[in-house]
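Here's the structure we're looking at; comments come further down.
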Amino acid sequence: MAQAAGPALWLGMVKKAQGARDFAALLRQVRACRVCAAHLPLGPRPVLQASPAAQLVIVGQAPGTRVHESGVPWDDASGARLRDWLGLAPEVFYDETKIALVPTGFCYPGRLPRGGDAPPRPECAPLWHPPLFAAMTGIRLTLAVGGHAQARLLAGRSRTGPRASVTATVAAWRDTLPQIIPLPHPSWRTTGWEKRNPWFAAELLPEVRRRVRAVLAGPEDGT
């Protein structure tokens, strides 16, 4: 017959359950956010994936129209390209117990007058990143995808702050190890960028894949 759980084990189980309930409540608050509704042409629909158990967090920019429609993070051509960069199958990428997908702006921000998506709304990250990241205590690696994510995550880092361009920031990826790896946004425009910067595929992507595999394999194999 199995022995009854001791007080310490029961206390740990209670705290874990309470933490899960608190995090679920936090996610409901994020998804119900209407702070910048007046500025969103398609209305608010915060999109993210997160769990207190996640070990890897991918911080992107903001949802596009397709993601706004589906409510699934990275559910577009950019997401397919990102998964190819990382060497991750969709079933792993969308496992919230392993990977958190947290944008800089949670809702589709609209278009710029001259074309292209507008920047993420400035209200999102200061409001929701602190409680989300404080609750995801198991994060061991952060991927900062795109200039807006890099400006947010690298600001205030005396040695590794965001540089003059995304290219310069990504080229200096070794400076932000082991906590953060910067990546360009994986849009179709990156095709030409990759050709002009062959070091990205030759040096950075193999290292990103190695570190992502190590993190997802568990603490004993991490870097």
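Everything numeric here is computed off the predicted structure, so don't read it as measured data.
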Ion pair E203/R174, N-O distance below 4.0 Å: yes
Non-hydrogen side-chain atoms of W128 and V102 separated by less than 4.5 Å: no
Side chain to side chain, R31 and L48, heavy atoms closer than 4.5 Å: yes
Donor-acceptor contact present, side-chain Q150 to main-chain A144, <3.5 Å: yes
side-chain contact (heavy atoms from CB on, under 4.5 Å) partner of V59, the single match among T142, L101, V145: T142
Residues that W85 engages under ring pair (Phe, Tyr, Trp, His ring centres under 6.0 Å), provided they are two or more places apart: F200
Shortest non-hydrogen contact from P119 toward P109: O-CB, 3.3 Å
4.5 Å side-chain heavy-atom contact, W74 and P186: yes
Whether Q61 side chain and G105 backbone form a donor-acceptor pair below 3.5 Å: no
Backbone of A80 reached by a side-chain donor or acceptor of D84 within 3.5 Å: no
Other ILVMFWY residues reachable from V67 by side-chain steps of under 4.5 Å: V47
Ion pair E69/R66, N-O distance below 4.0 Å: no
Side-chain donor or acceptor of D95 paired with backbone N/O of T97 under 3.5 Å: yes
Side-chain donor or acceptor of T190 paired with backbone N/O of W193 under 3.5 Å: no
Hydrophobic cluster partners of Y108 (side-chain heavy atoms under 4.5 Å): L42
Side chain proximity check, E123 to H39, heavy atoms < 4.5 angstrom: yes
Salt bridge present between R81 and E194 (N-O < 4.0 angstrom): yes
